[in-house]
Engineer: 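Here it is, the structure, as structure tokens.
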Amino acid sequence: MALRQVMCGARRMTSPVCAAVVLAGVLGAAPPSRAAPDRDGGVLLVRPGESVQQAVDAARPGDTVILAPGVFRESVLINKSHLMLRGSGARTVLAPPATRAENACGQRGDGICVTAGPGGPLTDVHLRSLTVEGFRRNGVWASGTEGLTVRRVRARHNGQWGIGLEKSVHSSVRDNDATDNGDAGIFVANMVEEEGGALDTRGTLLLRNRLAGNRIGLTARRVRNLLIGHNTATGNCAGVFVVGDEGHPRAGALTVRDNEVSRNNKSCPKTNRLPFLQGIGVVLTGTEDSLVQHNLVRDNIGTSPLSGGIVLFRSFVKATDDRNLIRDNVVLRNAPADLVNADPDGRGNVFIRNTCRTSTPPGLCG
């Protein structure tokens, strides 16, 4: 097999040697032959004290960059397709550098950036099994991606979003822990700094994530065609926010199902966009044609205008909620009510077969 030279941290060696070191150091005494890459890819190992960015820059399409256990004080910019960045579990930590960041990602205050250039979307980038913590803005930030996966990532104590995506389609964000971030634990949007109609995410999946201690557990803003399922949101100011506005196409045509959203009773002050938040389970605002079903929503108690178990709320730019279906949910011990329809001008919204005790207006339970 032809051998090519790749960077393993600060040292240059052939890729089969890198792979053998990875398996010996990370997985134990496994035979080197198990790690030998085929001619389409390679494995690059980075140890604490070595440069993750250097390994990413040296990687070729199909390569995997593996981070050994330890703390890496740097931000990582990924601007190439077909690459995996994988840690060795929770003990692999990316944290802010002590000195000025060397790349644009770090200068923005982000931990890992997956960002496309003028040549089109980045495709097939995968982030796995590491912790990203303490960054001034976002733990993970992705823009202009297709087929991005983020799995088993711990994003915590970041100033804005734990894991944030814009202009991205076919994404899979699953089995992550996003805790104690300044805004949303997970944030998905069409665009952050521009206006425009909702993005068709083409089946993005937000699954089995644990969201705790954030301002908002999960925000889906101006997007369509995605699944928010089997997540746990607890101890945030708000659990799940689905946000639209008057743009076209409108936000919606998405599903929120099989989530547990409980005790999101932390209090957060108002911002330029929203009033103060507390006691909020699942909110749809300015959204159309969405399905909310089979969720357990309980013990969310507050006095915010958005408080309650499952809430339809006319958006702050007066966009109505239309043709949303809220069915077969268990919604209990929320206040001011389990089910709230605060959008009297919304058309075609249906509440059916929900287990609850209180609603505003009355008669939505059952």
Engineer: Is R222 paired with D245 through a side-chain N to carboxylate O contact shorter than 4.0 Å?
Structural biologist: yes
Engineer: Taking only residues at least two apart or on different chains, which pairs with a member in residues 179-269 satisfy disulfide (SG to SG under 2.5 Å)?
Structural biologist: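 As it turns out, the disulfide (SG to SG under 2.5 Å) pairs with a partner in residues 179-269, which skip direct neighbours, are C237-C268.
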Engineer: In plain terms, say whether E288 and R347 are close enough for a salt bridge, that is, a side-chain N and a carboxylate O under 4.0 Å apart.
Structural biologist: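 Answer for the salt bridge query: no.
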Engineer: Determine the sole option in I228, V261, V240, V256 for which the side-chain contact (heavy atoms from CB on, under 4.5 Å) test with N295 is passed.
Structural biologist: V256
Engineer: I'd like to know if R215 pairs up with D183 as an ion pair, taking the criterion as any Lys NZ or Arg NE/NH1/NH2 lying under 4.0 Å from an Asp or Glu carboxylate oxygen.
Structural biologist: yes
Engineer: Pick from V114, T149, V132: which one makes a side-chain contact (heavy atoms from CB on, under 4.5 Å) with L127?
Structural biologist: V114
Engineer: Once you round to the nearest 0.5 Å, how far does CG of D180 lie from CG of N214?
Structural biologist: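 Result: 6.5 Å between the selected atoms.
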Engineer: Among I326, L325, N324, which residue satisfies the side-chain contact (heavy atoms from CB on, under 4.5 Å) criterion with V350?
Structural biologist: L325
Engineer: How long is the gap from CD on E74 to CD1 on I112, to the nearest 0.5 Å?
Structural biologist: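 Spacing of CD (E74) from CD1 (I112) equals 10.0 Å.
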Engineer: Do NZ/NE/NH1/NH2 and the carboxylate oxygens of R152 and D175 come within less than 4.0 Å?
Structural biologist: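 Looking at R152 and D175, the cut-off is not met.
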Engineer: So do the side chains of I163 and N176 get within less than 4.5 Å of each other, counting heavy atoms only?
Structural biologist: yes
Engineer: Does a donor on one side chain sit under 3.5 Å from an acceptor on the other, for T179 and D177?
Structural biologist: no
Engineer: With V340 as reference, evaluate V311, L364, V283, T358 under the side-chain contact (heavy atoms from CB on, under 4.5 Å) test and give the passing residue.
Structural biologist: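 Exactly one pass, corresponding to V311.
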Engineer: Could you check whether N158 and N138, counting side-chain N and O atoms only, form a donor-acceptor pair closer than 3.5 Å?
Structural biologist: no
Engineer: Give the intermediate values and the outcome of side-chain hydrogen bond (donor to acceptor under 3.5 Å, both in side chains) for residues S168 and T145.
Structural biologist: CA-CA 5 Å; S168 295; T145 68; 2.8 Å; yes
Engineer: Can you tell me if S143 and E166 form a side-chain donor-acceptor pair at under 3.5 Å?
Structural biologist: yes
